[in-house]
Amino acid sequence: MRVVVDLTRCQGYGQCAFLAPGVFRMSRAEALMYELHADDEERDQVLRAVAACPVQAIVVDQVGTLGRPKKADTARAGGTPGDGAPAQDVRTRGPRSSERVRRVVIVGASLAGLRAAATLRREGFDGSLTLIGDEPCEPYDRPPLSKQVLSGQITAGHTMLPRRGDLDAEWLRGKPATGLDLAAKQVHLSDGGHVGFDRLLIATGARARPWPNAAEGALDGVFVLRTREDAARLHERLAAGPSRVLVIGAGFTGSEIASACRDLGLEVTVVERGSAPLVGALGGVIGGIAAEMQREHGVDLRCGLTVTALEGDGDGRLRCAHLSDGSVVDVQVAVAALGAERNVEWLEGSGLAAGVWGVSCDAGCRAFDVNGVVSDDIFVAGDVARFPHPVYGYQFLALEHWGNAVTQAQVAAHNMISSAAGRWPHLSLPVFWSAQFGTNIKSVGVPTFADEVAITQGSVEDRRFVAAYGYRGRITAAVAFDQAMWLEFYQDLIEQAAPFPPAFDMVGGPEEMRVVPAEAPDRVSAFQGATVVVTGHNPDERRATLVHRNH
């Protein structure tokens, strides 16, 4: 029985831990951990937990099959499609016509691709559906890799996502896409074959950024963490009890790895080039609190430094790391947690606006070509998508969030088979969570799109508080440490462009609210890795071309 909890929805009430303690457990106040591959003997308990969850955040394998849906009931064409409901009349609602959209291809068979496929079938698409993935295994959940898998609570092989019925799809696993021909509407595959489409969804996600020195990165003991295989190898090495682990980078993944090491009783050094952990996501003020929390749990945290070299012994095993302050740290294991690189190489030369920033698209998930013109046939979702968000000044965002992958995939799938009038915009606020050092950290909005921050509820000293962020007098984000139940309230404030700081009494609010600079990092321009060349003179001749630096 497969289980997954949508932690973007979970508010930490803990009903699941009471009803199915063998599957769910709460670490400290709100940090939920759970067994993704529960024994069938515990099925009844899990189903009771599903029913009792106040926010319906638990998903399990569903009984029955999706299969190819029946033709829509024309008598109910005015209804709203949804779970268990027929789609609108595909013969009369524009692009849902069988003559226009009969072949849908999804490149990327992970969370976003799987959710998009399920949405297509649920909304009435009964044509051919193909999912192309570079990994040979079934889709699996990535967040547990840096949490439950490293701590040994579950194995990497037990992270598969719940099967939500038979999608009646062709799965091309272990056959990466190598090219895209827009004119012929074909995806080229690594085995020399190709797949034609009427609509294409690009959901190829991202991969771990490797250590920049390839020879050093190849040393025995140097790891990255992104895939199921990465997690299994790293867990095996941590379980062997190395004398010290080095984590390079203190973003969310690096901090979670450090937390898992301390849970295992391992000595760990974290090196972060910024002023504090999580500073790139939450700003310097809250990052400073995260730094205190790491040191309280025994982490040797060194900020404002970089690792200049990794050194091995004569047998090619990692033995030490050299830091930018001249110090040397003896380590047996090093994990490069340097962020992600988006999987766009296969799109080079395709004519799409794809580069190191991802694949650019509009708020309806339609991809741009290199001229900035949107396509009605190519859609993008998940980590690889870069899209404008109206709440944040129409700035383009690229989000590596579980919740964004799910929601954007649903929007993209709906729009792929809808008429122009029936399309949805992807306007969901980003929501992110992290369980580390026994604390549940959860955010809504974009904290780095802010100039000020204030603690509005709770106590920093107790590590249970809410911080609200503001930009030019309005609330733009909120971050909670073990106070997730309040974030829905702050989400409403953000969506209403409510004034900052909040001017009303808050439950558990401070006697005097102190507003300070958020210390958000400078925004990095996405204009890197490629040069745009414009040719032609007359309007009908003007064209743009992407020239990549590796040419």
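Here, residue 1 is the first one in the sequence, and each next residue gets the next number.
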Can W357 and V344 be said to form a side chain to side chain contact (heavy atoms under 4.5 Å, CB included), step by step? CA-CA 9 Å; W357 58 83; V344 296; over 6 Å; no

Could you walk me through whether T155 and V149 pass the side chain to side chain contact (heavy atoms under 4.5 Å, CB included) test, one step at a time? CA-CA 6 Å; T155 65; V149 173; over 6 Å; no

Residue pair [X] / [Y], side-chain heavy-atom distance below 4.5 Å:
X: Y140; Y: L114; result: no
X: R463; Y: E292; result: yes
X: V4; Y: W402; result: yes
X: V333; Y: L246; result: no
X: N440; Y: L32; result: no
X: L129; Y: I106; result: yes
X: E400; Y: F432; result: no
X: V406; Y: L111; result: yes

Rounded to the nearest 0.5 Å, what separates atom [atom1] in [X] from atom [atom2] in [Y]?
X: L189; Y: L172; atom1: CG; atom2: CG; answer: 6.0 Å
X: S443; Y: H401; atom1: OG; atom2: NE2; answer: 6.0 Å
X: Q332; Y: D220; atom1: CD; atom2: CG; answer: 10.0 Å
X: Q408; Y: F379; atom1: CD; atom2: CZ; answer: 12.0 Å
X: L219; Y: N213; atom1: CG; atom2: CG; answer: 8.5 Å
X: R207; Y: E345; atom1: CZ; atom2: CD; answer: 4.0 Å

Just checking, is any N or O donor in the side chain of E461 or S459 under 3.5 Å from an acceptor N or O on the other one?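 On atom types as modelled, these side chains qualify, holding a pair under 3.5 Å.
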
Check the side chains of R244 and T269 for a donor-acceptor pair under 3.5 angstrom, ignoring hydrogens and angles.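 Yes, a side-chain donor-acceptor pair sits under 3.5 Å.
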
What is the minimum heavy-atom distance between Q45 and L19, and which atoms define it?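 Residues Q45 and L19, closest heavy atoms: CB-O, 3.6 Å.
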
Does the side chain to side chain contact (heavy atoms under 4.5 Å, CB included) test come out yes or no for F437 and V299, once each step is laid out? CA-CA 10 Å; F437 305 102; V299 174; 3.7 Å; yes

Hey, could you give me each pair passing salt bridge (charged side-chain N to carboxylate O under 4.0 Å, His left out) that has a residue in residues 148-162? Not counting sequence neighbours.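 Qualifying pairs, neighbours excluded: none.
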
CA sep, side-chain torsions, deciding dist, call: D315, R317, salt bridge (Lys or Arg N to Asp or Glu O under 4.0 Å): CA-CA 6 Å; D315 295 321; R317 292 188 296 262; 3.2 Å; yes

Report the relative orientation of the aromatic rings in H389 and Y392; use parallel for angles under 30°, tilted for 30 to 60°, perpendicular for over 60°.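 Perpendicular, since the angle between the ring planes exceeds 60°.
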
Counting only heavy atoms not in E341, do more than 12 sit closer than 6.0 Å to its CD atom?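 It does: E341 CD has more than 12 such atoms within range.
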
With respect to E256, which candidate in R262, R142, K147 satisfies the salt bridge (charged side-chain N to carboxylate O under 4.0 Å, His left out) definition?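 The salt bridge (charged side-chain N to carboxylate O under 4.0 Å, His left out) with E256 is passed solely by K147 among R262, R142, K147.
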
Step by step, work out the side chain to side chain contact (heavy atoms under 4.5 Å, CB included) result for L278 and I286. CA-CA 8 Å; L278 311 180; I286 305 304; over 6 Å; no

